[in-house]
Amino acid sequence: MNAPMADPMLTLYGESFASRLLLGTAGYPSPDILARAAKASGAEILTVSLRRESARQRTGQGFWQLVEELDLKLLPNTAGCHSPKEAIATAQMARELFGTDWIKLEVIGNDDTLQPDLFGLVEAAKALSEEGFKILPYCTEDLSAAERLVAAGCEVLMPWGSPIGSACGLSNRPGLKALRAYFPDIPLIVDAGIGAPSHAAEAMELGYDGVLLNTAVAKAGDPVAMAAAFGKAIEAGHQAFAAGLMEPQDMASPSTPMAGTPFAGSGRVS
Amino acid sequence: MTEKPSTLAIRGAGITGLWQALMLARKGYDVTVYERSETPFTDTASRWAAAMLAPRCEEESAERFVRDLGLRSIALWQESYPGTIVNGSLVLTLPRDRPLLERFSRMTSRHERIGRERIEELEPGLADRFETALFFEDEAHFPPEAAMAWAQEAAEVAGAKFVFGTEDYDRNADLVIDCRGMGARDDLPGLRGVRGERIIVRSGEIELSRPIRLLHPRQSLYVVPRGNQEYMLGATAIESDEGGLISVRSTLDLLGAAYALDPAFGEAEIVDQGAGVRPAFPDNRPRIILSPRYIYVNGLFRHGFLLAPALGELVANYLEDGTREEEIFADSREW
């Protein structure tokens, strides 16, 4: 038997986590349902997005206090920033507000698809890296952009599955596989586009290290139950990858040996 | 309650306090309302409300009992307030966002799915731009200022007294009912502010006769007719306890969405803008919190106009015979 060992822990910037799900905190029916969903999912990292005006006035404390009471790792997010300058300023505010140098770096290039502006992303990553931030960049599966991000100091990459909130799953599976093969030692997390637990499991089966999602849980009919379902799917996909998935093939391949069995090759047995 | 109170001090003259005063004065209690602001309705979150009575639409993200309280409130508004307009509400999306309409339909009840012709019949101004919509027939609306002014007057007619410009209240009253919203924040751990932004525009070219919700992945919009060619645009629910001015981004989002709904909004005049802060508990449920001589009615979240009458009735029933609905009533020592 030759299968890679399933690493029980997800390690990012030297910190280890038992869960491979990173859960967003926006759009739940209430903070209470968010808290219960986070618990049901088993997630140990929550992303929090910051509106800059809120940070400036130090408002929204009520909500953040509730999130902080969950006692999970918080990953501030520069969601909605359209330029490196804006993203850098938001990251700096987030560091002050949440007391962490971890940042999910998002620089949005296109408002319609919310796809990342890779040029702006690399620029912001360079600047923030010099300031000592631990950056988790929201990127695409583009290999050369990924290389630049790693060169800029990113020790984690977070390519999209498909556009944010689209629930389309992994729209470029070969591209994501190539990224995995190209960066065997960098933790890779699929961020965005996940609509169903099967999408999350699929990412993990490709050998990804984790999945980040928000809307699919927050907007589910029952967010708490959906969070639990995602937790299980990610666990299952991770285990399956480590166990070694069989290769698909075009022809049927019987699961019981045929030679020596009665009626072999005679067609349907009636 | 061990002994039935006769004199009641109500703190706060937002929509919650007004309905407590109205209900309880009508039941014959000796009611006095104490309000911090000098002039009525200047300092309350209710002032920034859209006053949509849309319990079925709210079920998209609220619990069923909130919907049921809302339906009860609509009946109470209709019974008492002649300004209540029951024209239903309409929920739409741009064609590419159709999945949002499907989700909305799945999460809510008692709506009719309507097509082009029926949309044109209901709202001629929206003809030809929308293929399909959800119509919630039994929902209502009105301009909030007029409704608050009516509620104060009706409470006064029923015998309630109002004292403006004071944080203080009669400490010898048999019972205090605290309806101060965010003003009671220091007393109520977990109470947080949820900011809502809104813009009022005026246009003679737009003709909408019921609240419209335009669903959008990032910024949903509602448009509520206020009469006199005015429309309130709103929808944002931001986790923030800062009121005051509206941000440029929210303005762009709201006006952009309105323009997508009807290009005639491009020619409208902006009459007013601003943001209010609604009080909410962590589960976004309203609460009636009891202690021997002091009751808090708080956490109405973005459902002030929708829930205030029903909560007035619940408190009145409680004082009458001790009835308490477990989902809403709590004892202060649990708090």
Side-chain angles (χ1 to χ4, degrees), chain A residues 25-38 48-70 79-82 86 90 97 108 110-114 163-168 192-193 195 214-216 218-224 226, chain B residues 58-64 66 94 96-97 99-100 102-108 182 185 188-195 197 215-220 236-253 256 275 277-286 299 301-302:
Chain A
T25 54
Y28 292 78
S30 70
D32 184 54
I33 290 176
L34 157 62
R36 287 192 281 136
V48 285
S49 58
L50 196 62
R51 284 178 66 108
R52 286 182 58 195
E53 64 269 32
S54 313
R56 196 170 50 234
Q57 293 154 358
R58 299 189 65 84
T59 57
Q61 300 288 20
F63 177 73
W64 287 329
Q65 221 168 347
L66 291 167
V67 172
E68 274 168 1
E69 279 166 18
L70 297 174
C81 290
H82 285 71
E86 212 184 337
T90 305
L97 200 67
I108 296 301
N110 180 311
D111 244 340
D112 235 19
T113 61
L114 296 178
I164 293 174
S166 69
C168 289
N214 186 344
T215 315
K219 298 291 184 197
D222 180 345
V224 181
M226 188 60 84
Chain B
E58 285 303 309
E59 203 182 355
E60 186 252 331
S61 60
E63 293 173 84
R64 187 154 296 174
V66 169
L94 299 173
R96 64 171 201 183
D97 299 326
L100 295 178
E102 302 308 325
R103 176 178 182 275
F104 202 93
S105 155
R106 175 164 52 82
M107 304 290 281
T108 54
M182 289 306 288
R185 167 177 224 173
L188 298 172
L191 194 72
R192 74 186 200 287
V194 180
R195 176 179 159 106
E197 299 172 321
L215 306 179
H216 186 271
R218 287 196 296 286
Q219 175 66 74
S220 288
T236 52
I238 302 166
E239 291 290 349
S240 163
D241 40 28
E242 195 77 18
L245 300 172
I246 185 171
S247 74
V248 170
R249 181 166 297 166
S250 296
T251 309
L252 283 170
D253 285 344
V277 178
R278 287 82 52 99
F281 288 111
D283 54 9
N284 291 348
R285 283 185 181 186
F301 184 44
R302 55 178 201 207

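All chains are named by letter (A, B, ...) in the order of the sequence lines, taking the proteins before the strands, and each is independently numbered beginning at 1.
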Interchain contact, A:Ala220 with chain B, by part (heavy-atom threshold 4.5 Å): backbone

Test ring-ring contact (aromatic ring centres under 6.0 Å, His included) applied to A:Tyr28 - qualifying residues, sequence neighbours left out: none

Nearest non-hydrogen partners of B:Arg103 and A:Lys219, listed with the distance: NE-O, 2.7 Å

Atom of B:Asn284, atom of A:Pro29 and distance for their closest heavy-atom approach: ND2-O, 2.7 Å

Residue part contacting chain B, namely of A:Ile164, when any heavy atom lies under 4.5 Å: neither

Separation between CD of B:Glu63 and OG of A:Ser30, rounded to the nearest 0.5 Å: 7.0 Å

Shortest non-hydrogen contact between A:Pro31 and B:Pro282, atoms and distance: CD-O, 2.9 Å

Chain A contacts, top residue of B:Glu60, B:Arg96, B:Arg192 (heavy-atom pairs, under 4.5 Å): B:Arg192

